[in-house]
Amino acid sequence: MYVKQYLSKLINQSLNIHESEMVINNLVPPAQPEWGDVAFKTFQLASKLNLKPVELALSLEQKLNQNQEFKAKATGPYLNITFSTGFICNLVLDHVFNRPSPPPPPEPQPTVVIDFSSPNIAKPFGVGHLRSTVIGAALYRIFKYLGYKVIGINHLGDWGTNFGMILTGYEQEGENTTQLEQDGIKYSYQLYVRTHHKAEQDQEINNRAREWFNKLEQGDPKAIEIWKRFREFSIKKFKQTYQRLGIEFDHYTGESFYQHKTDEAIDFLQKKDLTEVDQGMLIVRLDQYDLPPLLLKKSDGSTLYATREIAAVLYRLDTFNPDLLLYVVGNPQELHFKQISAALDEAGIKIKEKLIHVKFGHILGMSTRKGTLVFLDDLIDEAVRRAKEKMQENKTISYSEREMDFISSKVGIGALVFNDLKTKRIKDIEFNWDRALSFEGESGPYLQYAHARIKSIIRKSSQIPRYQPDSVLDQLNQPEEKALALAISDFPMIIEQAAREYEPSVISRYLLDLASTFSKFYHSCQVVGSKPELLEARLCLIEGCRITLAKGLELLGIEPLNKM
RNA sequence: GCGUCUGUAGCUCAGCCGGAUAGAGCAUCGGAUUUCUAAUCCGAGGGUCGCAGGUUCGAAUCCUGCCAGACGCGCCA
């Protein structure tokens, strides 16, 4: 960005135009590295200025070459620009060291509410929920970094007919306090499964489950008390897992929170004359939107998922007055969110631009029934175990016991988190232990390793890297050094793109590229042991890379490591 | 049946608001360690960009049709 911004400014000035966005969008890497550092595609701008691309390129070549800092060469409709390495490094590192934060967004500070993770407290936290959790948490950090006010909400699935089943099982078996307190989720899930199994042979159990859920809805003290216990211990367990992942929420307001707000929501839609009764159900027709009707009430009068969702959106608009309302929820619910958005739009609420369904592909090859479901905690444990194994194989580095525990935990989790963030959200993922826990190639540990190596170099240099204007950066003249500076330069634009597209994978791909560029540098340019000026210059460059890498990793929720 | 999404190297993917010779990782094969961590780096092979039309000076990218897969479509969430 720094380099592109600089170039764009010059191009705009030389032509006396104000098209910096278009120009920046047309600045690309040259097809061949030896052609230059940045290439300008002139097609779009030429068309805007009513010129032929080739002519524009030639004219720009002449104008820009009055500048001392670089060479410009027109090649057909392209303009290839070559900088001196020292110049690029100064441009880029000045920003990295002296202006590490992006400029704040214009006042008033925009607010974004992010609904993510949202597990069901009676069902195991499986690998499927990891995606929403990890993507949502990344978006949370990205928007915060960009200066937004961000509110993270865990919309727990803490209400529903399945609690009838759990309460029935509880009634039959009595409480296993140890299990409940240790892992409320696993306990309620197993209770659910056992009772559900019995219910398949015994209709009486189903009836009992319905009764219990009814009691719960009526506010029966006994039912509420037991439900509260299950909820409390499930959340306690969730928080432990979230802590391992370094994730926090501002609110744990689940579906039960909206239980008594649905009447108000239904009232609101009824007053707008949008509802009608069909076969005993209360519905909102959405024919104008080419969508099937939204169901608000079952024929027995009880509310549905969508009802509570409407209530939740109204509550959030009212409470947080957000500019964006993000729902990090899987693909299958696309229709659901379209309906919610349409119904509210019909009611005159301007929500279409605000309510964004940040959808993602689901995890294939995992089923609760087949028993192929993988529990997140087990997956994390396995990731950490494999990381530890890898560390024990390492013959050149020794670790204290504390280091072993800390590093293996961060590496294992880094691999796991990165695995869910490296591809575009929309893609379905076939779960595979070895792929999810890869430590090589395009992986979290690859990025952490690059960071650790930079730290290691700095440690061995016994110097503190610093940036000074007119410094020794002119010492740098290797292509690997220039490539590294150019890679660092793209960081701000990448973050903006990730936010614009609600797509953390943009950052993942970028960091892979940055780390790979560093690794190439590492293998061809020695830092420690160079003559003093070169040492200082290279330290400054790799520290710039490290700062950028660390920031990117933090945004994704991966720990940048000093040693591994 | 209708709708949404996906289809690029053996596998997993990037590139998709049109532009220079379609890029990575894994896997396979061959190399690199007396110097800052080999969880790394270098090299090789590997492609009808699902198929067929269309728009354009130019299409993996835009439009249409078809094929394949995933998901969704009134009383689960």
Side-chain angles (χ1 to χ4, degrees), chain A residues 25-26 28 30-32 35 39 41-44 53 75-78 80 118 120 123 155 157 159-162 255 278-283 290-306 308-309 329-336 338-339 359-362 364 387 390-391 393-397 411 415 419 422-424 426-430 432 434-435 438-450 452-461 505-506 508-509 512-513 515-516 518-530 535 538-539 542 563-564:
Chain A
N25 281 336
N26 282 287
V28 296
Q32 295 293 319
W35 292 351
K41 297 191 292 189
T42 57
F43 303 100
Q44 211 182 347
T75 311
Y78 288 84
N80 292 313
S118 308
N120 193 319
K123 282 184 192 158
H155 190 69
W159 202 252
T161 45
N162 49 346
E255 281 193 65
D278 191 63
Q279 295 169 41
M281 290 178 286
L282 190 67
I283 66 166
D290 227 10
L291 293 170
L294 182 74
L295 275 57
L296 292 176
K297 269 187 180 178
K298 302 193 225 175
S299 45
D300 68 1
S302 55
T303 60
L304 286 144
Y305 175 51
R308 297 190 280 274
E309 197 75 82
V329 178
N331 262 335
Q333 301 201 44
E334 183 165 28
L335 180 59
H336 166 77
K338 277 186 179 162
Q339 289 176 304
K359 57 194 176 185
F360 56 86
H362 63 178
L364 307 171
K390 190 98 190 171
M391 289 170 75
E393 286 167 14
N394 195 331
K395 292 186 188 78
T396 47
I397 304 281
V411 167
N419 181 249
K422 77 176 169 191
T423 58
K424 294 179 73 139
I426 197 73
K427 298 261 187 187
D428 289 344
I429 293 181
E430 180 104 32
N432 172 307
D434 291 333
R435 251 205 299 277
S438 167
F439 295 158
E440 280 159 27
E442 296 177 334
S443 69
Y446 177 81
L447 304 177
Q448 292 171 310
Y449 186 62
R453 276 179 149 181
I454 296 174
K455 270 292 192 187
S456 173
I457 294 173
I458 292 169
R459 230 178 289 127
K460 295 208 167 155
S461 77
S505 71
V506 169
S508 308
R509 306 304 320 179
L512 286 173
D513 182 59
S516 156
F518 166 75
S519 291
K520 284 167 190 165
F521 163 87
Y522 180 89
H523 278 272
S524 52
C525 302
Q526 180 71 21
V527 180
V528 176
S530 305
L535 172 67
R538 285 186 169 165
L539 278 177
I542 63 170
K563 174 179 175 182
M564 66 185 273

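Computed over heavy atoms, backbone and side chain alike; hydrogens, waters and symmetry mates excluded. In the text below, chain A, chain B and the rest are named by the order of the sequence lines, each starting its count at 1.
Nucleotide B:A38 holds its P atom 13 Å from the NZ atom of A:Lys395, rounded to whole Å. Here B:C76 presents its C1' atom at 12 Å from NE2 of A:His336, a figure rounded to the nearest Å. The CG atom of A:Leu295 sits 11 Å away from the P atom of B:A77 (whole-angstrom rounding). Counting to the nearest Å, the C1' atom of B:G18 and the CG atom of A:Asn26 are 11 Å from each other. Distance CD (A:Glu430) to P (B:A70): 11 Å, rounded to an integer number of Å. Rounded to whole angstrom, the span from the NZ atom of A:Lys298 across to the C1' atom of B:G74 amounts to 12 Å. One atom, CD1 of A:Ile542, and another, P of B:U40, lie 19 Å apart when rounded to the nearest Å. Summarising the geometry, the separation between CZ on A:Phe518 and P on B:A38 is reported as 11 Å, rounded to the nearest angstrom.
Comparing the C1' positions of B:C41 and B:G58 gives a spacing of 38 Å, expressed to the nearest Å. One C1' atom belongs to B:U61, the other to B:U56, and the distance between them is 13 Å to the nearest Å. Using C1' as the reference atom, B:G50 and B:C5 are 15 Å apart when rounded to the nearest Å. If you take atom P in B:A59 and the same atom in B:U55, they sit 12 Å apart, rounded to whole Å. Comparing the same atom, P, in B:C36 and in B:G31 gives a spacing of 23 Å after rounding to whole Å.
Taking every side-chain heavy atom of A:Lys424 into account, B:G15 is the closest of B:C36, B:G15, B:A39. In this structure, of B:U40, B:A14, B:C36, it is B:U40 that holds the atom nearest to the side chain of A:Tyr446. Comparing B:C75, B:A20, B:C41 by their nearest atom to the side chain of A:Ser519 picks out B:C41. With B:A20, B:A39, B:C41 as the choices, the nucleotide that has an atom nearest any side-chain atom of A:Lys390 turns out to be B:A39. Nearest to the side chain of A:Val411, among B:U4, B:A38, B:A39, sits B:A39. Taking the side chain of A:Glu255 as heavy atoms from C-beta on, and the options B:A20, B:A77, B:C13, the nearest nucleotide is B:A77. Of the listed nucleotides (B:G7, B:C71, B:A24), B:G7 has the atom at the smallest distance from the side chain of A:Lys427. Nearest to the side-chain atoms of A:Met391 among the listed nucleotides B:C41, B:A39, B:C5 stands B:A39. For A:Ala31, counting side-chain heavy atoms from C-beta on, the closest listed nucleotide (B:U4, B:A20, B:G74) is B:A20. Proximity note for A:Thr423 (side chain, C-beta onward) versus B:U35, B:C41, B:A14: the nearest is B:A14.
Base pairing of B:C71: its partner is B:G3, meeting the Watson-Crick or G-U wobble criterion (both donor-acceptor distances under 3.5 Å). With both pairing distances under 3.5 Å, B:U12 is matched to B:A24 as a Watson-Crick or G-U wobble pair. Across the strands present, B:C66 finds its partner in B:G50; the criterion is a Watson-Crick or G-U wobble pair with both atom distances under 3.5 angstrom. In this entry B:G43 has B:C29 as its Watson-Crick or G-U wobble partner, both defining distances falling under 3.5 Å.
Using a 4.0 Å heavy-atom distance criterion, A:Leu304 is classed as a sugar-phosphate-only contact. Within the nucleic acid shown, A:Ile426 comes within 4.0 Å of sugar-phosphate atoms alone, with no base atom in reach, counting heavy atoms only. Within 4.0 Å (heavy atoms only), A:Ala450 reaches no atom of the nucleic acid at all. Residue-level contact check: A:His362 touches the backbone only, with heavy atoms under 4.0 Å from sugar-phosphate atoms and none from bases. A:Ala452 comes within 4.0 angstrom of a base, heavy atoms only. Across all strands, A:Lys297 comes closer than 4.0 Å to no nucleic acid atom at all (heavy-atom distances). Within the nucleic acid shown, A:Glu440 comes within 4.0 Å of sugar-phosphate atoms alone, with no base atom in reach, counting heavy atoms only. Residue contacts shown for A:Asp434 are absent, as no nucleic acid heavy atom lies under 4.0 Å away. Across all strands, A:Asn394 comes closer than 4.0 Å to base atoms (heavy-atom distances). Using a 4.0 Å heavy-atom criterion, one finds that A:Lys422 contacts no nucleic acid atom at all. Contacts of A:Asn331 with the nucleic acid, taken as non-hydrogen atoms under 4.0 Å apart, are absent. Contacts of A:Gln448 with the nucleic acid, taken as non-hydrogen atoms under 4.0 Å apart, are absent. Using a 4.0 Å heavy-atom cutoff across all strands shown, A:Phe439 reaches at least one base atom of the nucleic acid. When heavy atoms are screened at a 4.0 angstrom cut-off, A:Arg308 is found touching the sugar-phosphate backbone but no base atom.
Considering every non-hydrogen atom in both A:Leu294 and A:Ala306, the closest pair reads CD1-CB, 3.6 Å. What you find for A:Leu291 and A:Lys338 is that their closest heavy atoms are CD1-O, 3.6 Å. Of all heavy-atom pairs spanning A:Ile457 and A:Val528, the tightest one is O-CG2, 3.7 Å.
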* Between A:His362 and A:Asp428, is a side-chain contact (heavy atoms from CB on, under 4.5 Å) present by the stated rule, with each step listed? -> CA-CA 5 Å; A:His362 63 178; A:Asp428 289 344; 3.6 Å; yes

* Give the intermediate values and the outcome of side-chain contact (heavy atoms from CB on, under 4.5 Å) for residues A:Ser438 and A:Tyr446. => CA-CA 10 Å; A:Ser438 167; A:Tyr446 177 81; over 6 Å; no

* To do: Apply the test side-chain contact (heavy atoms from CB on, under 4.5 Å) to residues A:Leu535 and A:Val527: give CA-CA distance (whole Å), side-chain angles for both, the deciding distance (0.1 Å), then the verdict.
  => CA-CA 6 Å; A:Leu535 172 67; A:Val527 180; 3.8 Å; yes

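At a cut-off of 3.5 angstrom, the base of B:G3 holds no donor-acceptor pair with the side chain of A:Asp290. A donor-acceptor contact under 3.5 angstrom links the side-chain atoms of A:Ser299 to the base of B:C75.
The side chain of A:Tyr522 contributes an N or O atom lying less than 4.0 Å from OP1 or OP2 of B:A38. Between A:Arg509 and B:G25 there is no side-chain N or O to OP1 or OP2 distance below 4.0 Å.
Note that the NZ atom of A:Lys422 and the CZ atom of A:Arg435 stand 8.5 Å from one another [nearest 0.5 Å]. Atom CE of A:Met564 and atom NZ of A:Lys390 lie 9.0 Å apart (nearest 0.5 Å).
Crowding of A:Asp300 atom CG: a count of heavy atoms from other residues, nucleotides or ligands under 6.0 Å exceeding 12.
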